[in-house]
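Accompanying notes for the structure given below.
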Amino acid sequence: MPDIQRFACLGKQDTIPQDSGAGKAGRARRAKRGGNPIYPRRAFLAFLVLHASQSINAGGIFQHPATFIPSITIEIPVRRPLIIGNWKMNKTASEAAAFIQDLRERVPASPNADVVVAPPFTALESVRNALGPSSWISLGAQNVHWETHGAFTGEVSAPMLRDLGCRYVIVGHSERRTLFGERDESILKKVRAALRHGLSPILCVGESLAERESGRTESVVTAQLDGSLAGLTPQDLATVTIAYEPVWAIGTGRAATTEQAVTVHRSIRLFIETGWDSKTASTIRILYGGSVTPQNIESLLASDAIDGALVGGACLNTDSFATIISVAQTQRD
Ligand code: PGA
């Protein structure tokens, strides 16, 4: 699980911000109104202190037997933000190389956020070459077939993507579901194929406007998760990322509010906890996607429930994508 920072602390809660702000000023505002978050370094210190006191408690040294309470270690990790640029069907191989060159000049490497670009298949090789061998930006693909090879005209397999340097693959994007008829059953096969061949799947789920308006958001999203993750183990899920992308927000300029996204993210995490376990639920990253821009990224990431973003339109321009990455790099430092 190379991409997940694992720290532990007690009492960390997802928070819905009333306002937002990156850096010190934003943190001061959030602290003033009594909101979490606990930041990585503080979380780690909290863990050390609490772990020490729990160890003493576990030994029962200072307690009368009647009042002895067995210690419970609650592990709540800090999830490093992940920003993924989904290029969709945009940019030729040469445009892609120039774009990456420009992006690398604008954004410095930082351990505070993971960044992935997902160009079309035809540009994967030129993007890999432009990124270089030890880039802090990872390569992802937008789709994968579940078989390794064979008579599947037009398809690309997981070993082929691995061979080109991909580490991630987007699976079940709503455009694939609605325009190409993908169903949870085939999406599950793609998730499994990705995992078998060492690719981290980014599983997309989300409701349509009609589904939201009829109050079915949660049931639609959990049914998609149920169908696309069935039978996976906690070890499998450790390398899966979930992207909540309401269909009505994709490419429309009408992003979900932070509160709307947080509500669904919480129900996704609860679904994972119920279906697997609390450790898996607390470590899996849940991204938001749908009209993410440099203007709304700060508010979205101000909530601990939102672990990053799957960005479409705004990732095609180096200015806007660089800004989104910078916010992710600084907001939870
Ligand atoms: P958008 O696309 O940012 O253009 O809305 C997001 C996506 O489809 O992943």
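Numbering of ligands and ligand atoms starts at 1, following listing order.
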If you measure every N or O of Gly312 against every N or O of ligand 1, does any of those distances drop under 3.5 Å? yes
Does an N or O from Leu310, backbone or side chain, lie closer than 3.5 Å to an N or O of ligand 1? no
Taking the side chain from Arg79 and the backbone from Ile306, do they hold a donor-acceptor pair closer than 3.5 Å? no
Checking Ser299 against Asn296: is there a side-chain donor and acceptor pair closer than 3.5 Å? no
Going by atom types only, do His173 and Glu245 share a side-chain donor-acceptor pair under 3.5 Å? yes
Would Lys88 count as a polar contact of ligand 1, with the cut-off being nitrogen or oxygen pairs under 3.5 Å? yes
At their closest point, which heavy atom of Leu139 faces which heavy atom of Pro119, and how far apart are they? CD1-CD, 3.9 Å
When you look for heavy atoms under 4.0 Å from ligand 1, do you find them on the side chain of Ala249, its backbone, both, or neither? backbone
With heavy atoms only and a cut-off of under 4.0 Å, state how Asn86 meets ligand 1: side chain, backbone, both or neither. side chain
Can you tell me the protein heavy atom closest to atom 4 (O) of ligand 1 and the distance? Gly313 N, 2.8 Å
Counting non-hydrogen protein atoms only, what is the nearest one to atom 9 (O) of ligand 1? Give residue, atom name and distance. Glu245 OE2, 2.7 Å
With a 3.5 Å distance limit and no angle check, can you tell me whether His197 reaches the backbone of Ala158 through a side-chain donor-acceptor pair? no
All heavy atoms of Ser278 vs all of Glu273, minimum pair found to be CB-OE2, 3.5 Å
